[in-house]
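To start, the structure itself, in structure tokens.
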There are 2 protein chains.
Amino acid sequence: MRADAKKNYDHLLSIAQKALLEQGADVSMRDIARQADVGVGTLYRHFPTREALLDALLRSSFDDLAGKANELNGAAETDKALLVWLEEVIAFTHAHRGILEPMMSAIEDPASALHESCVRLKTAGASLLRRAQADGTARPDLDGAELFDLIAALAWLREQPAHAQRAARLFNVVAGAVLKAP
Amino acid sequence: MRADAKKNYDHLLSIAQKALLEQGADVSMRDIARQADVGVGTLYRHFPTREALLDALLRSSFDDLAGKANELNGAAETDKALLVWLEEVIAFTHAHRGILEPMMSAIEDPASALHESCVRLKTAGASLLRRAQADGTARPDLDGAELFDLIAALAWLREQPAHAQRAARLFNVVAGAVLKAP
DNA sequence: TTGATATACGGAACACCGTTCCGTATATTT
DNA sequence: AAATATACGGAACGGTGTTCCGTATATCAA
């Protein structure tokens, strides 16, 4: 990779990161290029599609979340572990408004650049769920995919501006349906 | 209203109805105009905004759903009544892919053309919920707005193509959290 | 029936979008 | 310094929602 290319790549990543946090995942590619003082062609050279850019932005965070699940798998009570992790995932998606839709399409489309990252997240949640189920603290008739759906639904709700207040209560309602002991 | 205008209005409504069912609520305004063999200006003359068009398309159905809630308020067991109505609302939104997002913005924006219709829906659900709560069949710590959110979240899940299979199970999980006796 | 007028129509135009393409510029290598 | 590989910028394409206005037509009066 040429030196100027590497510089632009890094610069674009950091600008895009900021734009993602400030304007949401539906920020226009042109906007990102503009804010980075770069032609739109340069942006597309480095990130051939919007999903590729999102993947570059989210991959490490997703890995962090998956890692957190592994930590929690060792330490805390099984039900509390699941709860804490759910809250963290939802807080993350809340901080990155608009990433839910690309995530939902990616999770079922192996060709998507985001696919792998999403599957890792789903798998991490599934392992926490299994442990809680083995422990008898989570209802047994749920699988990882369904848990992922429930997380996504809660995350989607929290994305709706006016519903932020109710989000915490609804989280408890749904979590109460997943876990046996409230 | 001039005769030709009335004719175009009715024609546009029926074409838009078909387009809404076949292509979803994000069908382009140009597409609707094209399918109706009408200039895009004509479409906008009759429906000054996309939400106005949606309102014209959905209002009567929403009224039907609200009416259904009133019927159910009279007849069936309170928990079953709520359940049946929830399923009907979700089935309706499922048949009209894409209406959820405009509904969610409309419910909190009194200026929206869709606002009134959405509030009617929310109110209808709230009355069913209250009756079930008074009867002791629904958990008491929920209000109409929260129920509406839960319905929306479930409806959103059912809109995700690959998740249709899990939708029924997840409906039961969430419904089980709202109702006391499964 | 003809003429005036109010109303409605069609579609070009504007500003945006994601994405592609290619002539030009620059970094690297010889 | 020349050759070459690589990267850059931004015009261009086909799409979007929406606005605007010159033209056509329905309606009403004479």
Side-chain angles (χ1 to χ4, degrees), chain A residues 1-16 19-20 22-58 97-106 109 111-114, chain B residues 1-16 19-20 22-58 97-106 109 111-114:
Chain A
M1 182 135 99
R2 242 166 68 171
D4 54 348
K6 163 93 178 124
K7 204 181 103 191
N8 270 333
Y9 180 90
D10 294 342
H11 184 51
L12 276 169
L13 256 191
S14 96
I15 293 288
L20 173 59
E22 289 173 2
Q23 302 172 249
D26 54 351
V27 57
S28 90
M29 297 295 266
R30 264 184 188 76
D31 255 23
I32 296 175
R34 244 189 314 257
Q35 288 172 36
D37 266 311
V38 140
V40 68
T42 301
L43 174 55
Y44 274 93
R45 157 170 316 276
H46 292 300
F47 308 100
T49 166
R50 171 184 221 80
E51 282 195 333
L53 174 58
L54 276 180
D55 181 58
L57 291 174
L58 299 176
R97 178 168 41 94
I99 64 171
L100 222 67
E101 297 251 344
M103 280 177 65
M104 288 304 269
S105 11
D109 171 18
S112 162
L114 260 179
Chain B
M1 180 135 98
R2 241 166 69 169
D4 54 348
K6 164 91 176 124
K7 204 179 102 189
N8 271 332
Y9 180 90
D10 294 341
H11 184 52
L12 276 169
L13 256 191
S14 96
I15 293 288
L20 173 59
E22 289 172 3
Q23 303 171 248
D26 54 351
V27 58
S28 89
M29 297 295 264
R30 264 184 187 75
D31 255 22
I32 296 175
R34 246 190 310 260
Q35 288 171 37
D37 266 311
V38 141
V40 67
T42 301
L43 175 55
Y44 274 93
R45 158 171 313 278
H46 291 299
F47 307 100
T49 166
R50 171 184 222 79
E51 282 195 333
L53 174 57
L54 276 180
D55 181 58
L57 290 174
L58 299 175
R97 178 168 41 94
I99 64 171
L100 221 67
E101 297 250 344
M103 280 176 64
M104 288 304 270
S105 12
D109 171 18
S112 162
L114 259 178

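Chain letters run A, B, ... following the sequence lines, proteins first, then strands; residues in each count from 1.
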Run the salt bridge (charged side-chain N to carboxylate O under 4.0 Å, His left out) test against [X] and tell me which residues pass, sequence neighbours left out.
X	answer
B/Asp4	B/Arg2
A/Arg30	none
B/Lys6	B/Asp10

At how many degrees, to 10°, do the end axes of the helix from C/dT1-D/dA30 to C/dT30-D/dA1 meet when each uses five pairs?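 Rounded value for the end-axis angle: 20°.
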
Apply side-chain contact (heavy atoms from CB on, under 4.5 Å) to A/Ser112 and list each qualifying residue two or more places apart in sequence or on a separate chain. A/Glu51, A/Ala106, A/Asp109, A/Leu114, A/His115

Check nucleotides 2-4 of chain D for protein N or O atoms closer than 3.5 Å to its own N or O atoms and list the pairs.
none

Taking atom [atom2] of [N] as reference, at what distance in whole Å does atom [atom1] of [X] sit?
X	N	atom1	atom2	answer
A/Leu43	C/dT20	CG	C1'	13 Å
B/Lys6	C/dT7	NZ	P	18 Å
B/Tyr9	C/dT7	OH	P	18 Å

Roughly how far, to the nearest 0.5 Å, is the [atom2] atom of [Y] from the [atom1] atom of [X]?
X	Y	atom1	atom2	answer
B/Leu20	B/Leu54	CG	CG	6.5 Å
B/Leu53	B/Leu58	CG	CG	8.5 Å
A/Glu22	A/Arg97	CD	CZ	10.5 Å
A/Asp26	A/Ile99	CG	CD1	12.0 Å

Residues forming a side-chain hydrogen bond (donor to acceptor under 3.5 Å, both in side chains) with B/Asn8, sequence neighbours excluded: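 Counting only residues at least two positions away or on another chain, B/Asn8 forms no side-chain hydrogen bond (donor to acceptor under 3.5 Å, both in side chains).
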
Near DNA chain D, under 4.0 Å by heavy atom, which residues of residues 27-38 of chain B? B/Val27, B/Ser28, B/Met29, B/Arg30

Please list, in numerical order, the residues of residues 46-54 of chain A that have a heavy atom closer than 4.0 Å to any atom of DNA chain D.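 Under 4.0 Å from DNA chain D: A/His46.
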
If I compare all heavy atoms of A/Pro48 with all of A/Ala52, which pair ends up nearest, and what's the gap?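 Looks like CD-CB, 4.0 Å.
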
Would you tabulate the side-chain donor-acceptor contacts of residues 34-47 of chain A under 3.5 Å, counting partners in other chains and residues two or more places apart, or write 'none'?
unit_1	atom_1	unit_2	atom_2	d
A/Arg34	NH2	A/Asp31	OD1	2.7
A/Gln35	NE2	A/Gln23	OE1	2.8

What N/O pairs connect the protein and nucleotides 28-30 of chain D at under 3.5 Å? Give each pair on its own line.
none

Encode nucleotides 23-30 of chain C as B, S and - characters from 5' to 3', where the letter depends on protein heavy atoms closer than 4.0 Å: B to the base, S only to sugar-phosphate, - to neither. ---BSS--

Please determine whether a side-chain nitrogen or oxygen atom of B/Asn8 lies at a distance below 4.0 Å from atom OP1 or OP2 of C/dA8.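 B/Asn8 to C/dA8 OP1/OP2: no side-chain N or O under 4.0 Å.
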
